[in-house]
Number of protein chains: 2
Amino acid sequence: MFAEERYVRIMEVVNQAGKATVAELSEALGVSQVTVRRDLEKLEEKELLLRTHGGAMALHAHVSEVAHEKSFSEKEEALVEEKERIAEAAAKLISDEDAVMLTPGTTNMLIAKRLIGKKGLKIVTNAANIAVQIGNYPELEIILIGGKLRRKSFALVGPLAEETLQNIRVDKLFLGVDGFDLKEGLTTPNLAEASMDRQMISIAKEVIVVADHTKFGKVFFSHVATLGVVHTVITDEGINRELAGQIRELGIRLIIV
Amino acid sequence: MFAEERYVRIMEVVNQAGKATVAELSEALGVSQVTVRRDLEKLEEKELLLRTHGGAMALHAHVSEVAHEKSFSEKEEALVEEKERIAEAAAKLISDEDAVMLTPGTTNMLIAKRLIGKKGLKIVTNAANIAVQIGNYPELEIILIGGKLRRKSFALVGPLAEETLQNIRVDKLFLGVDGFDLKEGLTTPNLAEASMDRQMISIAKEVIVVADHTKFGKVFFSHVATLGVVHTVITDEGINRELAGQIRELGIRLIIV
DNA sequence: TCGTATATGATCAAAATTGAAAGAAAACGA
DNA sequence: TCGTTTTCTTTCAATTTTGATCATATACGA
């Protein structure tokens with residue numbers, strides 16, 4: 001038996017019973033007590049349990065949970081503050097009876113979380129992770145567009161997805177883009193996602209682009225749409241003043257937070 | 001044998017069994033232990049498995065995965081061991097070029113995790129959480145059926161989902177059911193999910209029911225199908241001997257693990 | 001054909017794992 | 001408080017596993 005297997009078994013016992021003694025674990029795993037103690041030491045280092053005199057105790061869920069969520073992805077993932085503010089502004093645009101659509105992306109994930117509790121709201125998305133994230137909360141009606149799953153972005157794309165979209169109409173589309181350029185319009189790196197985005201734009205009454213300031217002036221491989229389709233843009237204060245003026249001149253409502 | 005072929009075989013063994021020793025792999029592949037170690041090193045670099053002293057473990061069987069997950073659900077969710085064994089047996093039935101379909105459910109989630117690394121495999125599912133769980137790993141093609149998201153089970157159901165299914169055909173369906181009764185057939189508590197299940201059965205060449213022993217003799221509100229559609233049943237040793245005989249008499253292949 | 005690059009295997013010293021033993025620390029009862 | 005018992009840590013030795021180095025074989029292109 002690998003040491004790692006013991007770790008797993010120990011965690012199972014400890015989590016299930018809430019605690020375990022060294023003698024019990026030594027017996028259950030068929031290794032010496034010295035080895036059990038060394039295992040417990042390692043598991044405590046990883047903050048998976050708490051050692052005690054004579055054994056170990058389960059760590060309360062929230063301790064490890066809280067520590068984990070923020071420490072890994074979110075620190076690296078920059079612009080969290082900005083995106084949170086964008087999401088807050090976006091959520092304010094949504095009324096209870098709307099049918100809204102969300103494209104994949106971190107900002108839209110933040111928007112989704114802020115919609116929890118809105119009664120009667122319909123949410124349509126092609127981001128599997130967004131659906132799962134808010135799927136446990138009642139009162140929201142969540143429609144997930146099927147299709148081929150793209151890695152990393154968790155976007156559902158392809159003919160299956162586009163076909164499904166044709167039966168749907170929504171009030172507001174929150175469109176996350178990678179590039180927003182006055183001349184080239186909206187762009188994104190992936191062809192399949194661009195095609196999906198276009199479909200989604202075509203079935204939405206109102207198109208709201210959410211993009212932090214770093215997205216402006218950028219152009220990516222796949223063209224999504226011209227700026228003519230955009231009704232509203234929400235971004236953060238980092239946006240260039242001049243550019244902001246030019247966007248407004250195009251008749252687009254620009255919300256800066 | 002090419003190195004690439006070895007990688008695939010190693011991933012299969014590791015993911016199906018959850019672990020493998022260097023000696024085992026050396027034996028199975030007919031290469032020296034030195035070569036196996038070099039292979040494992042490469043596979044670990046690609047983050048497809050975790051090396052241990054003496055071999056390697058599947059990502060899904062490791063502490064970092066297991067510890068967090070189990071602490072919450074495990075107390076209520078019994079029969080983990082049994083379900084793991086069922087999942088292992090199920091994974092063995094799947095060959096690389098198959099197109100398989102998975103219904104929502106904990107057992108099917110376990111099966112999905114064991115499929116990581118199978119090259120060219122197509123996985124179709126209407127369980128959003130299963131898709132997200134394995135969505136990050138390369139080499140799998142994952143198709144998620146869209147639809148209305150049901151809370152708790154993360155099943156995607158409804159007309160949208162059923163319509164999508166009509167364009168799809170799969171080799172094997174792994175069907176998780178809540179009730180399996182000789183007289184009443186397959187049943188489940190939710191009407192919408194039962195309807196989805198029926199659709200899925202109709203587009204699958206082979207129907208494989210995965211159910212721990214507690215599911216037998218149970219009958220729920222919504223009828224899914226008669227036992228006539230079932231080709232194979234995988235369950236654990238807890239199943240009643242007499243019942244096992246009766247199932248086999250129906251011409252159903254019964255796998256007990 | 002030759003030379004080179006790549007993959008694999010063999011060998012062996014270094015590192016990791018484990019358990020036993022002994023001393024140190026902590027818990028506990030009187 | 002003291003002494004006893006239990007538990008823990010440290011140290012060491014036996015064993016296993018690993019990684020590095022070298023040798024061999026095979027494939028490939030000039």
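Letters A, B, ... are given to chains in the order of the sequence lines, protein chains preceding strands, and every chain is numbered from 1. Below, all heavy atoms of this structure are taken into account, side chains as well, without hydrogens, waters or symmetry copies.
Checking each of A/Asp197, A/Asn108, A/Thr188 against A/Thr103 for a side chain to side chain donor-acceptor pair (under 3.5 Å) leaves exactly one that passes, namely A/Asn108.
The phosphate of C/dG9 has OP1 or OP2 within less than 4.0 Å of a side-chain N or O from B/Thr35.
Both B/Val31 and B/His53 lie near DNA chain C, and the one whose nearest nucleotide falls closer to the 5' end is B/Val31. Two residues, A/Glu4 and B/Gly30, neighbour DNA chain C, and the one matched to the more 5' nucleotide by heavy-atom proximity is B/Gly30.
Contact check for A/Met1 versus A/Arg9: side-chain heavy atoms found under the 4.5 Å cut-off. A heavy-atom distance below 4.5 Å is not found between the side chains of A/Leu25 and A/Asp39. Here the side chains of B/Leu186 and B/Phe180 are in contact, with some heavy-atom distance below 4.5 Å.
Rounded to an integer number of Å, the gap from CD of A/Glu5 to C1' of C/dT17 is 15 Å. One can place CE of A/Met1 at 18 Å from P of D/dT16, the figure rounded to the nearest angstrom. Taking atom CD of A/Glu44 as the reference point, atom P of D/dC8 lies 12 Å away to the nearest angstrom. The interatomic distance linking B/Leu40 (CG) with D/dT17 (P) rounds to 13 Å, in whole Å. One can place CG of B/Asp39 at 13 Å from P of D/dT18, the figure rounded to the nearest angstrom. Whole-Å rounding puts the A/Arg6 CZ to C/dT17 C1' distance at 8 Å. In this structure, the CD atom of B/Gln33 is 16 Å from the P atom of C/dC12, given to the nearest Å.
Contacts of residues 13-20 of chain B with DNA chain C (heavy atom under 4.0 Å): none.
Without hydrogens or angle criteria, B/Thr232 side chain to B/Ile208 main chain gives no donor-acceptor distance under 3.5 Å.
Residues B/Lys83 and B/Thr106 have side chains that bring a donor and an acceptor to within less than 3.5 angstrom of each other.
A/Tyr7 does not carry A/Lys42 over the face of its six-membered ring by the limits of under 6.0 Å from the centre and within 45° of the normal.
Surrounding CD of A/Glu27 are at most 12 heavy atoms belonging to other residues, nucleotides or ligands under 6.0 Å away.
Among the heavy atoms of the strands lying under 4.0 Å from B/Thr52 are primed sugar atoms or P, OP1, OP2 only; no base atom is included.
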Could I get a table of every N or O pair under 3.5 Å where one atom is in the protein and the other is in nucleotides 19-21 of chain D?
from: D/dG19; atom 1: OP2; to: B/Arg51; atom 2: NH1; distance (Å): 3.3
from: D/dG19; atom 1: OP2; to: B/Arg51; atom 2: NH2; distance (Å): 3.1

Go through it in stages, so that I can follow the logic: the residues are A/Glu45 and A/Arg51, the test is salt bridge (charged side-chain N to carboxylate O under 4.0 Å, His left out), and I'd like the CA-CA distance, side-chain angles, deciding distance and then a yes or no.
CA-CA 10 Å; A/Glu45 264 177 36; A/Arg51 286 192 72 184; over 6 Å; no
